[in-house]
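Okay, structure first, notes after.
We use all heavy atoms of the structure for the numbers below, so side chains are in, but hydrogens, waters and symmetry mates are not. Chain letters run A, B, ... following the sequence lines, proteins first and then strands; every chain starts at 1.
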Amino acid sequence: MLAYCLRRLALALVTIWSISVLTFIIIQLPPGDFADAYIAQLSSSGSTVSLDEVASLREMYGLGQPMHVQYFKWLSRMVVGDFGYSMEWRRPVVDVIGDRLWLTLAISVAALIVTWGLALPIGIYSAVRQYSAGDYLFTLVGFIGLAVPNFLLALILMYLGYTMFGLSVGGLFSPEFEQAPWSWAKFLDLLTHMILPTIVLATAGTAYLIRIMRANLLDELRMPYVVTARAKGLPEWRVIMKYPVRVALNPFASSVGYIFPHIVSGSIIISLVLALPTVGPLLLRALVAQDMFLAGTIVLLLGVLTVIGTFVSDLLLMWIDPRIRFQIH
Amino acid sequence: MRIRAVFAAGLLSLLLAETAAAQPSNLSASGLVSEPEGAQIVTDPARIPRQFREAPMLAERVRAGTLPPVEQRVPAEPLVLQPLREIGRYGGTWRGAFNGPGDGENGNRINASDMMMSWDMVGARQVPSVARAWEVSADGRRTTLHLRRGMRWSDGSPFTADDFVFWFEDLYQNRAIVRAPMPELQVDGKPGRVIKLDETTVAFEFDAPNFLVVEQLGAQAGLGGQSYRQSNGLTYGGYAPSAYLRQFLPKYSSEEEVNRRARAAGYENWVQYLHFIKDWQLNPALPTLGPWRTVSPINTPNWVMERNPYYWMVDTEGNQLPYIDRVSLSLAENMEVINLRAISGAFDYQARHLQLANLPVLLENRDRGNYRIDINLATYGADLALHLNTSYTADPEIGKWLSNVDFRRALSLGIDRDQLNETFWLGLGTPGSVVVAESSPENPGAEWRRRWATLDVARANQMLDSIGLSRKDSAGFRLRTDNGQRLVLEVLAVQALQPYPRQLEMIAQQLRRIGIFLDVKETERTLAYTRVQNNQHHIFPWSNSGSEKLFLVPAYVLAVDPINSANGPAYAEWFASNGARGRRPEDPMILRAQELYRSAASLPEEQRNAAAQEIWRIAVDQVWSIGVVGVSPGSFGVQLTSNRLVNVPRRSCIANHCRTPNSAYPQQWFFR
């Protein structure tokens with residue numbers, strides 16, 4: 001068991017290293033560099049720079065050096081916890097991401113709690129009461145939730161929120177609280193702003209999980225052991241909760257690997273549409289601006305979290321499902 | 001920077017457009033376009049106030065002893081401003097929007113009175129700003145600036161001629177900071193000098209006549225002031241706060257010492273640290289000259305500026321300006337969010353980032369959002385110009401046609417500008433060539449707006465037939481003369497400034513009628529610019545904003561700027577490098593235009609205007625760039641003003657050199 005964990009850990013480290021190499025290559029792939037992006041951006045804002053000014057910038061950021069030199073510079077700094085300097089934000093990368101990390105976590109975790117809190121009971125209900133009126137209703141709602149693109153839902157809710165309830169448009173804080181230190185009022189302000197993104201983010205996920213939970217549970221409910229348990233006179237809720245639900249939970253555990261990075265990045269499109277200060281738009285912007293170190297650090301962070309998430313989900317699966325546990329031995 | 005989820009943005013526009021009914025059919029009848037108006041600078045000595053008053057927030061600091069009294073802060077020779085409508089009241093926060101750390105121009109322009117000179121309300125005549133007065137010697141070799149006695153930086157240190165000399169000698173001429181001299185400080189390749197004549201007099205001197213530098217000292221150019229040219233890693237500008245910046249330069253301590261400081265602050269070396277330190281958008285401790293100074297930097301969700309306690313403008317009753325305490329720009333990375341916030345009344349003044357397409361919605365929500373909308377018309381010729389790459393060689397057949405003047409003219413005659421104007425400019429633009437507005441002294445005459453810029457399918461077809469492009473395929477598209485394949489012209493359409501990809505799709509449809517196949521390639525902005533610089537594009541659509549002062553921003557008209565001259569980047573490189581790189585144009589008209597441009601600096605204003613007219617005649621006749629629609633409210637033209645805000649002109653100069661909204665003097669706006 002311990003050997004298994006150690007082997008997984010060693011593999012994870014190798015994977016993370018290859019992610020760092022790949023990340024760096026991918027970020028360098030598009031033609032041009034930060035200086036080119038900077039020129040394009042200045043032109044869009046009605047301003048210009050001279051070639052010499054651009055050359056100075058290139059020199060300052062070391063953009064002219066060969067790729068492997070830049071990579072090792074990046075790697076050697078990262079090992080000691082220095083993730084470099086964001087060229088666009090003109091601040092250390094750690095600060096730029098750090099600002100947004102907590103808000104992203106808050107939204108994602110809230111969305112996750114809503115998703116699971118709704119999906120699990122509804123999924124179980126739909127499976128147990130298959131083809132009941134309730135099942136049909138949830139199925140209908142679920143399919144609509146799956147079919148409607150998230151960004152469209154975000155736009156419509158934002159528009160309705162503004163026209164019907166006078167909610168402020170986009171963002172996570174009202175302007176008067178943006179700069180204010182943390183207080184009870186600011187916290188409440190944050191909560192009211194979080195309702196919309198949480199609903200939008202949770203909708204699609206919920207619909208998807210309801211379908212999975214329902215399908216898995218239906219498979220299990222037809223198993224002979226369930227029939228036996230019923231025949232032996234176990235109370236109905238115990239019959240369902242004790243084994244079939246646990247087995248049906250497997251997909252939840254294995255999805256942890258994907259949930260980890262998702263919690264940190266948030267949804268890029270929804271964050272953009274709702275103007276949420278999360279990590280997702282930061283990544284998109286860094287990629288467009290070819291802000292190497294910032295984009296690299298975020299992609300790497302997401303990669304590392306995927307690896308960790310996969311590791312955690314393996315452990316979870318072993319814990320939930322004895323069959324996997326016994327296979328290892 | 002404009003990042004946006006394209007789908008989302010389009011959808012929102014649809015959603016909003018549905019509610020839009022009211023559309024002004026006639027611009028002047030709409031009541032949205034007023035006559036130019038603005039605050040006036042008072043020079044009559046009798047009207048210069050002797051006693052000064054200050055904002056309550058500063059009076060408090062004076063009482064607490066942390067700030068000297070207002071008489072010691074305002075210069076002995078302040079700039080006196082007659083407010084547009086009435087003397088204002090102090091206080092309030094101006095709420096606006098910015099779209100990210102790349103949107104520094106947003107604040108630069110609000111603070112652009114830190115230029116030596118500004119422009120009057122129509123952008124025609126230079127008026128004093130930081131400089132109290134100036135003169136150009138008869139031979140044009142020396143431009144002298146007279147500064148204001150007793151003027152101070154925002155930290156209270158004196159602003160003198162030494163700050164110019166410091167910038168010139170210690171920043172600009174230090175090759176570790178600035179790699180190469182700027183074009184504005186050279187004539188015929190020979191560098192100019194900055195000379196201190198006395199405490200408040202400074203001169204820019206050249207070996208040959210330079211009549212242009214006086215305009216460049218008050219415009220969007222290399223000498224355009226601290227906020228514009230010493231932010232974002234740039235080090236031009238013309239002057240710098242010497243007392244503050246000295247401590248960060250090796251010359252005044254030692255290389256080790258400044259490097260140690262830089263590393264302690266988290267930077268690799270002193271140069272990198274200096275670029276942070278001298279950036280007014282990032283460093284709240286930096287002394288500045290603008291009406292507001294940064295307190296919460298641009299790389300946070302809210303870029304906040306607070307009044308400069310040493311600001312050097314007063315109103316006619318001696319109240320130190322600005323009236324408004326704070327400027328607070330909130331971050332919205334999505335343009336549609338900015339527009340949606342605008343209609344909800346979340347901004348007190350906003351013109352930047354408001355899109356013309358949303359005008360109907362903005363108008364409809366005026367009462368609910370408690371704001372008014374004014375329309376400003378730009379004076380540059382084209383919001384959409386198709387810059388044809390006349391120096392293209394990668395595909396000789398395409399290159400041959402792009403450098404053929406009849407081919408270019410035929411393309412231009414094949415475009416239905418009225419249809420584009422109605423669809424994308426709500427009919428508010430002016431269809432025509434690239435030429436500057438008729439109101440400009442650089443305009444060669446009204447007839448040049450329509451030259452080669454009207455729809456004439458028959459003539460276009462006949463011209464294309466006669467130059468040898470008469471063979472067509474079964475779909476009716478003309479064939480190449482080298483291999484008999486279809487002639488395909490590529491357009492790099494970028495989603496910026498205007499909805500270029502959609503506009504180009506419409507043009508592609510129109511050009512079918514003259515048998516030209518236009519392949520619209522929607523391209524990411526950086527990639528497009530990289531290709532343009534490498535001379536790899538056929539056609540690049542962009543505006544020619546800035547060309548209203550041809551000699552300040554020639555890049556979008558002439559092949560002279562290797563970065564932005566998309567109508568001949570290889571020729572531009574040849575011109576800019578004095579023949580060292582790039583390619584010499586064979587076309588005598590291009591050479592002639594380049595020569596006219598080169599001679600401009602040595603010409604006094606009247607002759608310079610004549611040269612500009614000549615260049616415009618050539619540019620329009622040669623169709624290096626096809627003008628489509630311009631002289632419109634396309635950029636900065638839709639202006640939203642809260643009904644609570646007073647003294648905001650209904651119309652002012654929005655040209656590039658006026659640095660909108662600086663020309664509207666935000667210092668004298670106030671909240672009722």
Exercise for review: Decide side-chain contact (heavy atoms from CB on, under 4.5 Å) for A/Arg90 and B/Gln281; before the verdict, give the C-alpha distance in whole Å, the side-chain angles of both, and the deciding distance to 0.1 Å.
Suggested key: CA-CA 10 Å; A/Arg90 294 171 277 163; B/Gln281 301 162 5; 3.3 Å; yes
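- Going from atom CZ of B/Arg525 over to atom CD1 of A/Ile39 covers 12.0 Å, rounded to the nearest 0.5 Å.
- Rounding to the nearest 0.5 Å places CD of B/Glu268 at 11.0 Å from OH of A/Tyr85.
- Heavy atoms of B/Arg368 lying under 4.5 Å from chain A belong exclusively to its side chain.
- Using a 4.5 Å cut-off between heavy atoms, B/Ile338 does not touch chain A at all.
- Looking at A/Val54, only its side chain comes within 4.5 Å of chain B, counting heavy atoms on both sides.
- Rounded to the nearest 0.5 Å, atoms CG (A/Asp36) and CG (B/Leu527) are 10.0 Å apart.
- Heavy-atom pairs under 4.5 Å with chain A peak, among B/Asn299, B/Thr526, B/Asn564, at B/Asn299.
- In this structure, chain A has no heavy atom under 4.5 Å from any part of B/Tyr380.
- Other residues, nucleotides and ligands contribute at most 12 non-hydrogen atoms within 6.0 Å of the CH2 atom of A/Trp184.
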Point to revise | Evaluation steps, side-chain contact (heavy atoms from CB on, under 4.5 Å), between B/Asn232 and A/Tyr38 | key: CA-CA 9 Å; B/Asn232 258 305; A/Tyr38 175 70; 3.1 Å; yes
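- Heavy-atom contacts from other residues, nucleotides or ligands closer than 6.0 Å to OH of A/Tyr208 number 12 or fewer.
- Nearest approach of A/Arg285 to B/Gly100, heavy atoms of both residues: NH2-CA, 3.3 Å.
- In this structure, the portion of A/Arg77 lying under 4.5 Å from any heavy atom of chain B is its side chain and not its backbone.
- Only the side chain of B/Tyr267 comes within less than 4.5 Å of a heavy atom in chain A; its backbone stays farther off.
- Counting all heavy atoms, side chain and backbone alike, B/Pro101 lies closest to A/Glu88 at CB-O, 3.5 Å.
- Residue contact with chain A, scored on non-hydrogen atoms closer than 4.5 Å, is absent for B/Pro297.
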Exercise for review: Show your reasoning for whether side-chain contact (heavy atoms from CB on, under 4.5 Å) applies to B/Leu282 and A/Arg91.
Suggested key: CA-CA 9 Å; B/Leu282 295 174; A/Arg91 290 172 72 189; 5.7 Å; no
